[in-house]
Asks: 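Dumping the structure here so I can ask a few things about it.
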Amino acid sequence: MGEIFAGLPWWVKWIAVPVIALVVFGSVIASVVGFVIGLLFKVLVFVALVGGLIYVVRKFMSSSSSRGDW
């Protein structure tokens, strides 16, 4: 592979080849990035919901135990 690129100008290696790769694989890259961002969003929502649930349960347990009903 190095011999193929050795005789080419710099702009072919650093501009033309990446542009062609983006055109050919652009949809694949976009779908992978979209999947990863969607997964991270779902993980953040999950963490926020679990954290909120833990907060509500602890708040409820501390208020019910302070009344001395048990």
Side-chain angles (χ1 to χ4, degrees):
M1 196 63 143
E3 301 117 14
I4 295 172
F5 286 121
L8 297 174
W10 67 268
W11 61 269
V12 173
K13 292 186 267 189
W14 298 106
I15 296 174
V17 173
V19 166
I20 292 171
L22 282 175
V23 168
V24 172
F25 298 110
S27 62
V28 174
I29 293 170
S31 64
V32 169
V33 168
F35 174 75
V36 169
I37 290 174
L39 188 64
L40 285 175
F41 178 73
K42 289 178 183 177
V43 167
L44 286 175
V45 168
F46 176 75
V47 168
L49 289 174
V50 170
L53 178 66
I54 290 172
Y55 174 77
V56 167
V57 168
R58 284 188 177 175
K59 186 104 169 152
F60 177 73
M61 295 297 284
S62 69
S63 67
S64 65
S65 65
S66 66
R67 279 189 266 151
D69 292 341
W70 298 95

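Atom set for the values below is all heavy atoms of this structure, side chains included, hydrogens, waters and symmetry mates excluded.
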Asks: If the condition is side chain to side chain contact (heavy atoms under 4.5 Å, CB included), which residues does V43 pass it with, not counting sequence neighbours?
Replies: V47
Asks: Could you list who else is in L49's hydrophobic cluster, with ILVMFWY side chains joined at under 4.5 Å, directly or through other members?
Replies: F41, V45
Asks: Going by side chain to side chain contact (heavy atoms under 4.5 Å, CB included), name the residues that satisfy it together with V50, two or more places apart in sequence or in a different chain.
Replies: F46, I54
Asks: Report, one line per pair, each donor and acceptor closer than 3.5 Å where one atom sits in a side chain of residues 11-38; sequence neighbours left out.
Replies:
residue: S31; atom: OG; partner: S27; partner atom: O; Å: 3.2
residue: S31; atom: OG; partner: V28; partner atom: O; Å: 2.8

